[in-house]
Amino acid sequence: MRYRVKSGSFLRRVGFAAAALGATGAMAQEDVAGQQTVITAAHMLDVQSGKTIDYPAIFVGADGRITNIADARTVRWGEGVKHIDLGDRTLLPGLIDMHVHLDGPADIGGYRGLEFTDSFWGMTAVKNARDMLDAGFTTVRNVGSDNRNDIGLKQAIDAGYAVGPRIVPAGYALGATGGHCDSTFLPPSLEKADGKEEGIGDTPDELRYQVRRQRKYGAEVIKVCATGGVFSRNTEPGQLQVPENELRAIADEAHQWGLRVAAHAHGAAGIRTAIAAGIDTIEHASLVDDEGIRMAVTRKRPVWFGMDIYNTEYTQAEGAKNGVLEDNLRKDREIAQIQRDNFRKAHRAGVRMVFASDAGVMPHGDVGKQFRVMVEYGMTPMQAIQAATKNAAEALGREGDVGAIAVGRYADIVAVDGDPLANIRELESVDAVLKGGVLVKGE
Ligand SMILES: [Zn+2]
């Protein structure tokens, strides 16, 4: 379906009529002078108050940020303002995925990766980024990327060479030799001649250096693999791989530079250790125990959980066909249901939750399917939406920019046909997407 984008409109005429009849709340034309775009629709979710607002008129300045939100039934604007009318749809803030791998095509698993040259992965990221934007995700945190593909893509998008979400890149993920974020699929004869893979460190000092190095070349968040994982070889999800003093060195160093740290942690010991060390977001959190939940809730420095509770459905259905090894499928099977049950438990206990899909493990365009599972496992639709907007923006430290339709923030907006609070699956196929007040899908 296409949308009308034009400077005159039905709603504006209604606005003039209402003003002529003396309706209150009408805005003098000069008040909106200099504004570039106005976006209208039947409803808007205010994720900060949890309320639905009818007939919003969202004004956007030349810098792509929201300058004013008024009542579309009474406000008026000048001829020079571009009007994007999204009709009887419901608007919500552009969605935020806190755990993606844009340079990881979901359909290439295991040793099939060796069929491709090194620059292939960055090329796939261009399409994956577009798919995520079309799925309504206007901001993504890319937690680990070889070759700094995430940083290069972010620069290309910001400079207009590609179309995609706002990217918060990590560069290379940090971790232990032989750990989940090391290269674990090759024999020693194929190791890098100069020793360690980038990101890998085995002492606090080596890992501090890796934090500094990632930041130096563009990382805006630091990722560390604190435990084993599902898709590496010879690691187990429950296994702690980076001790507390090394995690603390990473957290302290990152915080000194103003960066936050995301720790991949499946196992209960790894989760507790990461929280104790000052890590900001716990990725996966699959096997968390009661003490880990208690620590996450009571810690003075806020801790968020990003639990990827949809992708097992894709992995179990398509993984073998994509080349994923049986041992990796086995690990996924072993933790999938426990992770979903622990999602319910952590949410119920009051842990701050963010939306995190691990896209790359699953197709980037399908990440909206996770909302259904989040609701199935205990969230209200509004809470699931807040996890992908308000909470995620807080966990990024970007509340001034993204995560709500509010004055001062970017006009990153998604429109859906139905009522997402009545049917969360509306978010599996969004109808229109705006980034910075510009329609990027739906016209
Ligand atoms: Zn991941």
Side-chain angles (χ1 to χ4, degrees), residues 96-110 113 121 124-125 128-129 132 137 139-150 153 165 167-176 179-185 197 199-200 214 219-233 235-237 239 241-242 260-267 270-271 274 279-287 304-315 319 322 324 328-329 331-332 335-336 339 343 354-364 366-367 370 388 392 395-396:
I96 303 171
D97 191 335
M98 293 291 282
H99 190 129
V100 307
H101 302 279
L102 291 172
D103 57 351
D107 59 351
I108 302 172
W121 308 98
T124 71
N128 294 335
M132 288 214 75
F137 288 80
T139 300
V140 301
R141 191 176 65 162
N142 200 88
V143 280
S145 178
D146 283 352
N147 208 27
R148 297 190 173 79
N149 288 325
D150 54 351
L153 179 59
I167 297 176
V168 178
Y172 285 82
L174 277 52
H180 179 65
C181 282
D182 196 2
S183 163
T184 56
F185 280 80
E197 297 286 330
I200 301 306
Q214 299 316 313
E220 295 175 15
V221 61
I222 297 298
K223 163 79 178 290
V224 57
C225 288
T227 72
V230 170
F231 290 95
S232 49
R233 264 186 82 225
T235 80
E236 287 300 323
Q239 172 183 80
Q241 297 182 335
V242 181
R260 293 188 181 176
V261 184
H264 160 109
H266 285 288
I271 294 164
I279 299 296
D280 303 286
T281 68
I282 304 297
E283 309 303 305
H284 311 298
S286 312
L287 308 174
W304 288 266
F305 280 8
M307 300 179 74
D308 51 326
I309 57 172
Y310 168 76
N311 59 44
T312 182
E313 293 179 25
Y314 177 82
T315 298
N322 294 339
V324 177
N328 302 107
L329 297 173
K331 290 192 274 185
D332 179 67
I335 61 173
Q339 187 192 28
F343 175 91
V354 294
F355 185 99
S357 71
D358 211 357
V361 164
M362 61 176 289
H364 297 79
D366 286 353
V367 295
Q370 183 168 280
L396 289 173

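In each ligand, atom 1 is the first atom listed, and ligand 1 is the first ligand listed. None of the values given here were measured: they were computed from a predicted structure.
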A.B. asks: Any N/O/S atom of H264 sitting less than 2.8 Å from the Zn ion (ligand 1), backbone or side chain?
C.D. replies: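 Here the distance criterion (N, O or S atom, under 2.8 Å) is not met by H264, so no.
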
A.B. asks: For a distance under 2.8 Å, tell me if D358 has an N/O/S atom near the Zn ion (ligand 1).
C.D. replies: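 It does; at least one qualifying atom falls short of 2.8 Å.
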
A.B. asks: May I ask you to check if any N/O/S atom from H99 comes under 2.8 Å of the Zn ion (ligand 1)?
C.D. replies: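 True for H99.
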
A.B. asks: Quick one about D308 and Q339 (side-chain donor to acceptor, distance below 3.5 Å, no hydrogens or angles considered), yes or no?
C.D. replies: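 D308 and Q339 do have a side-chain donor-acceptor pair below 3.5 Å.
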
A.B. asks: Rounded to the nearest 0.5 Å, what separation is found between the CZ atom of F355 and the CD1 atom of I309?
C.D. replies: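 Taking CZ in F355 and CD1 in I309, the distance rounds to 9.5 Å.
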
A.B. asks: Give the intermediate values and the outcome of ring pair (Phe, Tyr, Trp, His ring centres under 6.0 Å) for residues H99 and H284.
C.D. replies: CA-CA 9 Å; H99 190 129; H284 311 298; 5.0 Å; yes

A.B. asks: Please report the closest heavy-atom contact between V230 and K331, naming both atoms and the distance.
C.D. replies: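 Minimum heavy-atom contact is O-CE, 3.2 Å.
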
